[in-house]
2 protein chains.
Amino acid sequence: MATAAKNIQILKEVLQKEGLRFTRQRLAVWTEIGISRKHRDADDIFISIRSKGVKVSRATVYRTIDVLVKNKLVRKLDVGDGKNRFESKIDEEHHDHMICLETGNIIEFYNSRLEQLQEKIALDNGYELVRHVHQLFVRPIKK
Amino acid sequence: MATAAKNIQILKEVLQKEGLRFTRQRLAVWTEIGISRKHRDADDIFISIRSKGVKVSRATVYRTIDVLVKNKLVRKLDVGDGKNRFESKIDEEHHDHMICLETGNIIEFYNSRLEQLQEKIALDNGYELVRHVHQLFVRPIKK
DNA sequence: ATTCTTAATGAGATTGAGTCTCATCGTAAT
DNA sequence: ATTACGATGAGACTCAATCTCATTAAGAAT
Ligand SMILES: [Mn+2]
Ligand SMILES: [Mn+2]
Ligand SMILES: [Zn+2]
Ligand SMILES: [Zn+2]
């Protein structure tokens with residue numbers, strides 16, 4: 001799964017639902033996020049698209065990402081360095097992130113008990129959990 | 001506890017340890033964060049100090065907050081609206097935050113099992129947990 | 001294929017939180 | 001009181017992100 005053709009279809013459906021046109025720029029942004037390594041920032045994506053010969057502006061990159069995030073195709077991630085990062089949610093299970101304070105490396109993790117606890121905490125307070133931000137800042141154990 | 005005199009003493013000790021001078025501005029910032037309601041942003045603190053007749057600049061507010069955060073007198077909190085918020089850690093146990101998406105209200109919570117799980121997840125990956133960011137974005141349950 | 005309507009785009013201006021500069025001020029040691 | 005040097009403030013600056021608006025191009029209609 002997650003073939004190029006499949007991803008184009010997913011994008012087209014979202015754009016149609018939103019009443020938006022299918023453009024080369026929007027496809028380029030979605031392709032860039034979908035195909036590439038994860039946790040990339042907007043400028044990274046912008047530079048990469050340009051380097052592949054597709055004409056695009058920063059404004060369009062940001063505008064397109066907003067649409068993708070709104071429609072849950074892409075996840076926005078703040079690792080605390082002032083720049084948002086993005087990753088495709090296609091073929092991805094939910095996970096949270098551990099950021100190494102020494103290398104900047106981002107490690108993904110998932111723990112169902114942790115997820116359940118969060119739902120419970122919200123409920124116990126009379127709320128419904130909509131989303132959560134959870135990052136562990138860590139240091140390698142030296143022996 | 002947490003009398004004004006006590007708080008001044010705490011500040012003086014930190015400044016001494018850091019080799020920094022005790023100034024009216026630094027006291028004003030610490031007092032503002034320590035005395036007032038929680039989760040305030042830097043500009044809020046800046047305006048409030050000025051309104052009380054103490055001459056201070058934004059630069060000094062930010063610089064002082066950095067010292068306070070470094071010395072664990074104050075906690076920096078990012079609720080995702082682009083502005084950091086601050087709260088005194090004096091007489092406060094560790095807690096995380098639930099942000100109501102409808103009212104913007106910030107509810108504090110603490111769950112020891114949750115805290116333990118995070119330590120464990122880091123360790124299982126060969127890391128030591130230094131700090132964590134954990135926010136639940138919630139919506140009131142309507143019945 | 002050509003025309004037409006209107007949404008989408010791009011270059012560059014703008015915003016805003018946070019940082020930096022450096023001339024001046026004030027703490028605190030003596 | 002004098003003095004040394006750290007602290008401060010006004011405003012310039014940074015940089016991610018947003019906005020403006022003249023121009024471009026989807027894509028529907030024919
Ligand atoms: Mn990830
Ligand atoms: Mn709090
Ligand atoms: Zn999670
Ligand atoms: Zn916690």
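Numbered from 1 within each chain, the chains take letters A, B, ... in sequence-line order.
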Tell me whether the OP1 or OP2 atom of C:dG12 has a side-chain N or O from A:Ser57 closer than 4.0 Å. no
Is the phosphate of C:dA11 approached by A:Lys55 (side-chain N or O, under 4.0 Å from OP1 or OP2)? yes
Winner on side-chain proximity to B:Arg50, out of D:dA10, C:dA8, D:dG9, is D:dA10
For a quick test of reading the model: is some side-chain N or O of B:Asn84 closer than 4.0 Å to OP1 or OP2 of C:dG18? yes
Net bend of the helix from C:dA1-D:dT30 to C:dT30-D:dA1, end axes of five pairs each, nearest 10 degrees: 30°
Any side-chain N or O of B:Tyr62 under 4.0 Å from OP1/OP2 of C:dT19? no
So does B:Gln25 get a side-chain nitrogen or oxygen closer than 4.0 Å to the phosphate oxygens (OP1/OP2) of D:dG9? yes
So, are A:Arg131 and A:Asp96 salt-bridged, with charged N and O less than 4.0 Å apart? no
OP1 or OP2 of D:dA7 versus the side-chain N and O atoms of B:Arg26: is any pair under 4.0 Å? yes
Side-chain atoms of A:Phe22 come closest, of D:dG27, C:dA28, D:dA10, to D:dG27
In whole angstrom, give the distance that lies between atom CG of B:Leu11 and atom C1' of D:dA7. 14 Å
Give a yes or no on whether a salt bridge exists between A:Arg40 and A:Glu32, defined as a side-chain N under 4.0 angstrom from a carboxylate O. yes
Verify the neighbour count for atom CD of B:Gln16: are there more than 12 heavy atoms of other residues, nucleotides or ligands below 6.0 Å? no
Among the nucleotides D:dA26, C:dA11, D:dA7, whichever has the atom closest to the side chain of A:Ala59 is C:dA11
Closest nucleotide of DNA chain C for B:Ala42 versus for B:Leu20: which of these residues is on the 5' side? B:Ala42
Any side-chain N or O of A:Thr23 below 4.0 angstrom from OP1/OP2 of D:dA25? no
